[in-house]
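Values below: every heavy atom of this structure, side chains too, minus hydrogens, waters and symmetry copies.
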Amino acid sequence: MNICVFLSAADLDERYTRPAREFAELLGKAGHTLVWGGSDVGLMKVVADGVQEAGGRLLGVSVEFLANKARPGADEMIIAADLAERKKLLLEKADAVVIMVGGTGTLDEATEILELKKHGRTEKPVVLLNTAGFYDGLREQFRRMEAEGFLPRPLAELVFFADEPVGALAYLEAQT
């Protein structure tokens with residue numbers, strides 16, 4: 001399975017890197033392919049290292065202005081013209097999506113896939129990996145959106161919240 005992971009390129013502390021590394025190792029050992037933003041820095045590097053070391057494949061989609069940070073030695077690397085094309089290619093190449101901790105770029109990617117699901121434009125499974133409670137506030141906001149009628153589909157049809165890497169991968173494998 002090609003699993004797209006949206007996540008930060010920042011250098012983060014162990015409470016975020018440990019679960020990311022664990023998920024990456026699970027993904028690689030299961031023979032899946034990581035589809036990611038292609039960067040060889042920060043949490044993106046941690047995940048790519050873990051997948052590759054565990055025997056998984058790496059399919060990166062970088063962008064022209066970040067091409068100097070693209071990971072050498074990926075099994076496949078595509079360079080998109082801009083962020084919009086990158087996001088489109090990441091989603092096209094993926095069978096499923098995992099959203100890990102990240103900043104505004106990750107949040108943009110997360111809302112894009114959820115908007116596509118909301119409108120029935122994709123049925124790919126989406127997991128939000130809620131490491132260290134990072135997305136507790138977002139989960140609460142989504143629940144409010146659902147309760148107040150802003151979501152035409154039940155929240156559970158749009159995204160699965162997992163607190164641990166093993167639960168995230170188990171959910172994806174059960175869906176595909």
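- The CD1 atom of Ile113 lies 6.5 Å from the CZ atom of Phe6; values are rounded to the nearest 0.5 Å.
- Between the CD atom in Glu85 and the CD1 atom in Ile79 there is a gap of 10.5 Å [rounded to 0.5 Å].
- Within the model, atoms CG of Leu27 and CD of Glu173 stand 8.5 Å from one another, a figure rounded to the nearest 0.5 Å.
- A salt bridge between Lys87 and Glu112 is present, with a side-chain N of the basic residue lying under 4.0 Å from a carboxylate O of the acidic one.
- Inter-residue side-chain proximity for Asp11 and Lys45 is flagged as unmet; no heavy-atom pair is nearer than 4.5 Å.
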(request) Dump the intermediate steps for side-chain contact (heavy atoms from CB on, under 4.5 Å) on Val5 and Val51, then the final yes or no. (result) CA-CA 12 Å; Val5 178; Val51 169; over 6 Å; no

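- Listed for the His32 side chain is a donor-acceptor partner under 3.5 Å among the backbone atoms of Met1.
- Using a 4.5 Å cut-off on side-chain heavy atoms (C-beta onward), Phe23 and Val98 make contact.
- Note that CG of Leu89 and CG of Leu91 are 9.0 Å apart. Values are rounded to the nearest 0.5 Å.
- When the ring pair (Phe, Tyr, Trp, His ring centres under 6.0 Å) test is applied to Tyr171, the partners found at least two apart in sequence or on another chain are Phe160.
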(message) Set out, in order, the CA-CA distance, both residues' side-chain angles and the distance that settles salt bridge (charged side-chain N to carboxylate O under 4.0 Å, His left out) for Glu92 and Lys88, then state yes or no.
(response) CA-CA 6 Å; Glu92 282 176 4; Lys88 181 177 182 265; 3.0 Å; yes

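- Residues Leu7 and Leu66 are members of separate hydrophobic clusters, defined by side-chain heavy-atom contacts under 4.5 angstrom among Ile, Leu, Val, Met, Phe, Trp and Tyr.
- Taking CZ from Arg71 and OG from Ser39, the interatomic distance works out to 11.0 Å, rounded to the nearest 0.5 Å.
- The two residues Glu25 and Ala54 have their closest heavy-atom pair at O-CB, 3.6 Å.
- The number of heavy atoms from other shown groups lying within 6.0 Å of CZ (Arg153) is above 12.
- What you find for Pro165 and Pro19 is that their closest heavy atoms are CG-O, 3.3 Å.
- Both Leu26 and Met100 sit in one connected hydrophobic cluster of ILVMFWY residues. Membership requires side-chain heavy atoms under 4.5 Å apart, directly or through other members.
- Of the charged side-chain nitrogens involved, none lies within less than 4.0 Å of a carboxylate oxygen, so that Glu14 and Arg18 do not count as a salt-bridged pair.
- Between the Asn2 side chain and the Lys93 main chain, a donor and an acceptor come within less than 3.5 Å of each other.
- Applying the ring pair (Phe, Tyr, Trp, His ring centres under 6.0 Å) test to pairs two or more places apart or on separate chains, those with a residue in residues 103-144 are Tyr16-Phe134.
- Grouping the Ile, Leu, Val, Met, Phe, Trp and Tyr side chains by contacts below 4.5 angstrom, directly or via other members, places Leu151 with Val159.
- Remark: of the listed residues Leu43, Val46, Thr131, Leu43 is the sole one forming a side chain to side chain contact (heavy atoms under 4.5 Å, CB included) with Leu12.
- Val127 and Leu155 fall within a single hydrophobic cluster, where Ile, Leu, Val, Met, Phe, Trp and Tyr are joined by side-chain heavy atoms under 4.5 Å apart, directly or via other members.
- Ser8 and Thr106 get closest at one heavy-atom pair: N-OG1, 3.8 Å.
- The distance from atom CD of Glu53 to atom CZ of Arg21, rounded to the nearest 0.5 Å, is 9.0 Å.
- Residues Leu169 and Ala30 share a closest heavy-atom pair of CD2-CB, 4.5 Å.
- The side-chain heavy atoms of Leu114 and Thr111, taken from C-beta on, include no pair separated by under 4.5 Å.
- Here the side chains of Met77 and Ser62 are in contact, with some heavy-atom distance below 4.5 Å.
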(request) Assess whether side-chain contact (heavy atoms from CB on, under 4.5 Å) is satisfied between Asp49 and Val47, documenting all intermediate values. (result) CA-CA 5 Å; Asp49 286 348; Val47 171; over 6 Å; no

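- Salt-bridge annotation for Glu146 and Arg143: absent, with no side-chain N of the basic residue lying under 4.0 Å from a carboxylate O of the acidic one.
- Within the 4.5 Å cutoff, no side-chain heavy atoms of Val126 are placed close to those of Leu158.
- A salt bridge links Asp163 with Arg139: the distance from a Lys NZ or Arg NE/NH1/NH2 to an Asp or Glu carboxylate oxygen falls below 4.0 Å.
- Scanning all heavy atoms of the two residues, the minimum distance from Lys117 to Pro125 falls at NZ-CA, 4.1 Å.
- With a 4.5 Å cut-off on side-chain heavy atoms, Leu128 and Leu138 count as touching.
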(request) For side-chain contact (heavy atoms from CB on, under 4.5 Å), just list the numbers for Lys124 and Asp95, CA-CA rounded to whole Å, side-chain angles, deciding distance to a tenth of an Å, and then say yes or no. (result) CA-CA 6 Å; Lys124 295 176 186 186; Asp95 300 312; over 6 Å; no

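- With a 6.0 Å radius and a threshold of 12 heavy atoms from other residues, nucleotides or ligands, Lys69 has its NZ atom at or below the threshold.
- Leu107 and Leu83 are assigned to two separate hydrophobic clusters, defined by single-linkage of ILVMFWY side chains at heavy-atom distances under 4.5 Å.
- A donor-acceptor distance shorter than 3.5 angstrom exists from the side chain of Arg86 to the backbone of Gly37, with no hydrogens or angles considered.
- Contact of the Leu58 side chain with the Trp36 side chain is registered, since non-hydrogen atoms from C-beta on lie closer than 4.5 Å.
- Scanning all heavy atoms of the two residues, the minimum distance from Ala48 to Leu34 falls at CA-CD2, 3.8 Å.
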